[in-house]
Amino acid sequence: MGGQGIFDQNLLSLVTFLPFGIGVVLLATAALARMLDREGLPDVVWRSVGLAGTGITFLISLLLFTRFDATNPGMQFVEYGTWLPDFGINYFVGLDGISLFLVLLTTFLMPIVLLASWTDIGKRVKSYIFFMLFLETGMLGAFVSLNVFQFYVFWEVMLIPMYFIIGIWGGPRRIYAAVKFFLFTMFGSLLMLVAILVLYSMGLEQFGVLNLDLISPPGLEAKALLDVVVPTDGDVWWKNQSWLFAAFALAFAIKIPMVPFHTWLPDAHVEAPTGGSVVLAGVLLKMGTYGFVRFALPLFPSAVVDFTPLILSLSVIGIIYGSLVAMVQADIKKLVAYSSVAHLGFVMLGMFSLNAIGLNGSILQMVNHGLSTGALFLLVGMLYERRHTRMISDFGGIARPMPVFAAFFGLVTMSSIGLPGLNGFVGEFLILLGAYMAHPFYAVLATSGVVLAAAYMLWMFRRVMFGPIETAENRGLIDLDLREKLVMIAMMIPIIWIGVHPETFLRRIEPSVLELLNTIERRGGSALAAAEAAPPVAEPEAVAEPEPVTEPEPVAEPEPVTEPEPAPTGEVATLGSEPPAEDDLSVAEVETGVAAELENETPAEEQP
């Protein structure tokens, strides 16, 4: 029972670090074997152990799904431990409905990628397997981190293996693509780091403690970053919500990528090996959208409202621009890469509708895009292995020699378009519905992306699959083997499952989405209250200096009232002839009062 309890308490950490642990064990074993026989472990052992390790990680991660409480909107499977307590840096992980399916998507795709790359990677297999295992731990760590410093570490760690995967096993321009990917992402990351440090200092100013936890750990009353009041218009320009949101948003927008920060994506996709493209499209791009939901929206709610028109405009531009550019591509892989720009534009559109329907669709569409676009890259890779070309014009009529391949390609194409009954339809429908409820103009413009997606995907599918077979290479193509069929069957299961029964996913996502909206509303109100309370704090100093408010008392009308007493009666009559009758009565009353006082004083003097 004790072991079972430890397993339950550390389930999330086990899922996160198991792949990297397997990679380290493989490295140590290979080093030991090399010392003994100078050959090390053969490639087939690395492939088999890597595949088995990622498969076991996926099976263990299913426990997160089965044990997840769909009625609980808060964090579950929470693990907390001090790391650098003097600096407010702790090991803090947890899972809610927003991150649950992104974790499962990661653990699901990794064994499929290694199985699909079984024959694709022929050089430096050991390094490839290790980098893939290292990358999986980095991605999982980012999805479950609830300490902002810890999140940043995992965010940066992911760059290292992805850089080598593109740079070593990529195409002819792999070095250019890898460096471009690294520089773009690193630039955004540094701006986010600056914003994190500013939040860190603001927490110290307000609470007197150093803390980088996003939320308060269960059972502790410590203040967290979501308790920090970030002013909407502070005295220091870099300490207000707009600038801090912009720093976070730029890092996440580059990662997604949103237009106009998308130029690194086509190069990275085209030059990366098939496995790298699948991981890049399926998981890495979701780091940007997830970062918006987990950090930018709840930390800076007032700035989110201010930036919503800009984000929605860029989202719609990305949908239309990505679709139009995809339509003119001659390379199948580049076409799929630009389709990602359009699909992730839909994700951002639903997210910044800032209602439950749009956010539910946005989070579900993150998963859908990882499945549909990942499957497309797998199919393009299988075709490239046979023909060593990705040019659409080099194909035609291959549905005859490869009917199974054509069937899978057709289903995935329909999924990407958003055909009812498949996963893409559910996400896009919810996004457009939520966007229409909040911003009808942007929703109407975005629907053109659905039409354009159907145009470029069906155009590509028709030219590749149908028509006459004009070359002998196409006539001699071999259909999918058992390994490739297993890969595609595994990809089709969630694609169909989400399309037929989306409630399995949505009922776990929605409570966390509602909790997020409540947090945005609560923090938006606190920021507004702080902004309204700020001016009166500064104004008293300016109002306290000129206290001439008390000076009118000696200059008031009592002096003119006492002066008329010694004046002649004519003057009083003259003065009293111009004002109203009420003034006359008041002067008479004063005179009689003075006479009465004199009478009272006289006996007092005569008594002695």
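More than 12 non-hydrogen atoms from other residues, nucleotides or ligands lie less than 6.0 angstrom from CZ of F65. Surrounding OH of Y436 are at most 12 heavy atoms belonging to other residues, nucleotides or ligands under 6.0 Å away. F68 CZ: more than 12 foreign heavy atoms inside a 6.0 Å radius.
Under the 4.5 Å side-chain criterion, counting only non-hydrogen atoms from C-beta, V328 is not in contact with Y456. Under the 4.5 Å side-chain criterion, counting only non-hydrogen atoms from C-beta, F182 is not in contact with M162. Inter-residue side-chain proximity for M348 and T289 is flagged as met; some heavy-atom pair is nearer than 4.5 Å. Counting heavy atoms from C-beta on, the side chains of F261 and L250 come closer than 4.5 Å. Here the side chains of L364 and I498 are in contact, with some heavy-atom distance below 4.5 Å. Contact of the V279 side chain with the M132 side chain is registered, since non-hydrogen atoms from C-beta on lie closer than 4.5 Å. Side-chain contact between M366 and L105 is absent, with no heavy-atom pair separated by less than 4.5 Å. Counting only heavy atoms from C-beta outward, the side chains of T107 and E136 approach each other to under 4.5 Å.
With ring centers used as reference points, F143 lies under 6.0 Å from Y290. Between H262 and Y321, the ring centre distance stays below 6.0 Å. A distance below 6.0 Å separates the ring centres of F505 and W497. Taking the six-membered ring for Trp, F252 and W155 have ring centres closer than 6.0 Å. No close placement of the H439 and F352 rings is indicated, their centers lying 6.0 Å or farther apart. Here the two rings, on F307 and F300, have centers that are 6.0 Å apart or farther.
Each of S339, S340, S416 was scored for a side-chain hydrogen bond (donor to acceptor under 3.5 Å, both in side chains) with H369, with one residue passing: S340.
Stacking of R124 on the aromatic ring of F131 is not recorded, the 6.0 Å distance cut-off and the 45° axial limit not both being met.
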Kindly indicate, with the supporting measurements, whether the criterion side chain to side chain contact (heavy atoms under 4.5 Å, CB included) is fulfilled by T274 and Y384. CA-CA 9 Å; T274 298; Y384 182 78; 6.0 Å; no
For the pair Y442 and S315, evaluate side chain to side chain donor-acceptor pair (under 3.5 Å) and give the outcome as yes or no after the intermediate values. CA-CA 9 Å; Y442 293 103; S315 301; over 6 Å; no
